[in-house]
Amino acid sequence: TFVMEQLSGMKSLRTNFSAICLAFVCLLNSNSVLTLEADLRFKWFTTSSKLPDHDIQNQAVESPSVNSTGDLRMMFRQDAGPFRFLVDYSLILQNGDAIAQQNSQDTALDQTVISDRNRWINATWPVEDGAGTHHQSFHRLDRAAIQYQQGNWNVTLGRQAVSWGSGRVFQPMDPFNPFSPTVVDRDYKPGNDLLLVERLFDNGHDMQLLHIVRRDDDYRVTNDVSSTAFKWHGIIRESEFEVLAAQHYGLGMAGLTLRVPIGGAMIRSDVMTSELEDGKWSVSGIVNADYSFMLGKFNSFVFGEYFYNDLGVSELPDRLSSLPTELAIRMERGEVFNLMRHYTALGGNVLWHPLFDTSLTLITNLSDTSSLLSLSASYIPSDHQSLQVGWIHPLGRAGDEYGGVPVRGTQLTTGGASRVFLRWLYYL
């Protein structure tokens with residue numbers, strides 16, 4: 001209540017936030033006894049990047065480049081019979097060199113949404129635009145949905161997140177809003193404006209029907225930029241399968257997932273085929289395996305994943321602007337994050353103590369042999385907070401994907417920085 005009162009008193013927030021508060025009052029105005037669930041999470045995420053001499057950012061900032069994001073997330077849940085109302089509100093402050101350059105923050109590690117430009121509802125409002133400064137702030141609704149559950153049916157309408165596919169690092173079966181392979185904070189996936197219908201069957205199978213509404217660059221709602229998808233999930237003995245059919249941005253898509261336990265390991269595979277503008281079809285996919293075991297007295301697991309990106313190039317061009325159109329479009333939409341075709345990811349985790357664990361992941365581009373090494377350690381000092389620190393280091397030359405993607409040849413590149421990060425979460 002105190003936080004709401006302080007925020008509603010800010011002149012720049014008053015109009016939009018008052019509407020949010022009014023919505024909650026309406027939800028609570030009922031003759032029946034209802035219980036409002038309210039949770040609060042604060043996240044602070046900081047990166048420090050050591051820029052190589054050939055990085056284009058060196059023309060504007062000094063190395064190391066430091067960027068930070070603070071995110072106060074308020075989560076509300078209200079049940080009323082078969083209905084559930086949910087709203088997640090975020091107040092976000094960003095600070096660092098990226099703001100001064102009028103760029104987004106380090107989205108390779110922190111995928112904070114800062115704009116609803118192409119979403120159906122614009123629920124992101126600036127508090128401070130950051131023009132000419134090193135900081136900006138805004139607030140947004142990341143969840144705002146009504147769920148109806150009756151028997152084996154569940155219907156969701158509003159802003160909510162969906163996650164499809166079996167990829168641990170790469171997500172070819174999740175074109176709607178996937179995480180980047182290197183994102184650290186995966187607690188809350190950004191929501192889409194959608195209608196989701198789910199049906200559970202007595203034999204353990206289930207189906208999902210999804211429609212995501214978007215706006216084009218002229219702010220018009222059209223089917224050309226929307227998505228409609230159908231997914232069937234089934235069980236055969238100890239194995240599972242999923243079949244997907246979709247129309248995405250006016251083009252067809254189809255996919256198949258298999259999950260099969262073999263010994264103590266779980267094997268997963270996703271294959272996704274997508275229609276291209278010229279009428280041809282691309283085929284991308286992953287296969288992965290993970291295995292849990294005891295390392296002495298410590299719980300541990302290892303995994304491996306192979307990813308084939310059919311839209312990728314066999315050789316990086318000298319300029320990013322020369323990438324194939326189909327690849328560039330999907331990268332701009334945040335559906336694909338890799339430039340070339342063949343990748344592997346290897347990793348593992350060791351739980352040294354119920355409150356402390358360490359993780360390692362190595363992503364390798366098999367085409368140019370560059371790699372990205374990620375090391376992290378997580379500690380839970382109390383029931384209400386957690387702390388994670390890590391180091392992400394590229395292993396490659398200038399001109400390689402993980403050594404520095406060419407902007408103007410190997411003389412000017414981007415993305416080849418070595419980074420350390422700190423992520424602190426506090427829950428109320």
Side-chain angles (χ1 to χ4, degrees), residues 41-52 55-57 61 63-71 73 90 92-115 134-136 142 161 163 167-171 174 177-190 305 307 331-332 334-339 343 345 347 349 357-365 370-379 386-396 400-405 413-425:
R41 184 195 81 152
F42 177 75
K43 178 191 78 171
W44 185 261
F45 189 88
T46 294
T47 63
S48 178
S49 304
K50 182 180 180 182
L51 305 173
D55 195 292
I56 193 171
Q57 292 186 74
V61 301
S63 182
S65 174
V66 179
N67 294 284
S68 300
T69 297
D71 182 358
R73 186 183 186 99
S90 287
I92 300 166
L93 169 66
Q94 294 184 326
N95 180 78
D97 297 323
I99 305 302
Q101 299 174 70
Q102 298 184 338
N103 294 327
S104 60
Q105 295 291 82
D106 195 349
T107 55
L109 305 182
D110 180 26
Q111 210 161 307
T112 299
V113 176
I114 63 173
S115 172
H134 282 73
H135 51 83
Q136 66 181 9
D142 190 53
S163 295
R168 181 174 289 276
V169 175
F170 307 99
Q171 308 290 337
D174 188 3
N177 207 4
F179 280 122
S180 165
T182 54
V183 162
V184 175
D185 186 3
R186 296 179 178 234
D187 287 353
Y188 295 97
K189 190 176 185 181
E305 183 166 281
F307 171 49
M331 292 189 69
E332 183 180 3
E335 299 174 17
V336 177
F337 303 91
N338 300 91
L339 300 173
Y343 296 84
N349 175 276
D357 70 271
T358 56
S359 298
L360 180 149
T361 302
L362 180 68
I363 300 174
T364 301
N365 181 333
S370 64
S371 299
L372 195 66
L373 176 67
S374 175
L375 297 169
S376 68
S378 299
Y379 174 58
S386 66
L387 179 68
Q388 182 182 14
V389 295
W391 175 48
I392 296 181
H393 184 68
L395 303 171
D400 292 340
E401 181 167 3
Y402 293 124
V405 176
T413 68
T414 184
S418 179
R419 309 176 183 97
V420 293
F421 68 84
L422 180 147
R423 175 175 172 260
W424 177 62
L425 301 177

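We use all heavy atoms of the structure for the numbers below, so side chains are in, but hydrogens, waters and symmetry mates are not.
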Do [X] side-chain atoms and [Y] backbone N/O form a donor-acceptor pair below 3.5 Å?
| X | Y | answer |
| --- | --- | --- |
| Asp97 | Asn67 | no |
| Asn177 | Lys189 | no |
| Glu305 | Val169 | yes |
| Gln111 | Pro178 | yes |

One pair to check against side-chain contact (heavy atoms from CB on, under 4.5 Å): Leu387 and Leu422. What are the steps and the verdict?
CA-CA 7 Å; Leu387 179 68; Leu422 180 147; 4.1 Å; yes
[X] vs [Y] side-chain heavy atoms within contact, under 4.5 Å:
| X | Y | result |
| --- | --- | --- |
| Thr361 | Arg168 | no |
| Leu109 | Phe45 | yes |
| Ile363 | Pro181 | yes |
| Ile392 | Leu372 | yes |

Return the minimal non-hydrogen interatomic distance between [X] and [Y], and the atom names on each side.
| X | Y | answer |
| --- | --- | --- |
| Ser48 | Pro64 | OG-CB, 3.5 Å |
| Ala417 | Pro394 | O-CD, 3.4 Å |
| Thr364 | Ser371 | OG1-OG, 3.0 Å |
| Phe179 | Phe337 | O-CE1, 3.6 Å |
| Trp44 | Gly70 | CE3-CA, 3.5 Å |
| Ser370 | Gly396 | CB-CA, 4.0 Å |

Could you tell me the separation between the [atom1] atom of [X] and the [atom2] atom of [Y], rounded to the nearest 0.5 Å?
| X | Y | atom1 | atom2 | value |
| --- | --- | --- | --- | --- |
| Asn349 | Asp357 | CG | CG | 4.5 Å |
| Glu401 | Leu339 | CD | CG | 4.0 Å |
| Tyr402 | Asn338 | OH | CG | 4.5 Å |
| Ile92 | Thr112 | CD1 | OG1 | 5.5 Å |
| Leu425 | Phe42 | CG | CZ | 9.5 Å |
| Lys43 | Ser386 | NZ | OG | 11.5 Å |

- Query: Hey, are Ser90 and Asp142 close enough side-chain-wise for a donor-acceptor pair under 3.5 Å?
  - Reply: no
TODO: Check whether the side chains of Thr46 and Trp424 place a donor and an acceptor atom closer than 3.5 Å, and report yes or no.
DONE: no
Step-by-step side-chain contact (heavy atoms from CB on, under 4.5 Å) determination, Arg419 to Thr182 = CA-CA 12 Å; Arg419 309 176 183 97; Thr182 54; over 6 Å; no
Are Asp185 and Arg41 close enough for a salt bridge, meaning some N to O gap below 4.0 Å?
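Between Arg41 and Asp185 there is a salt bridge, with a charged N closer than 4.0 Å to a carboxylate O.
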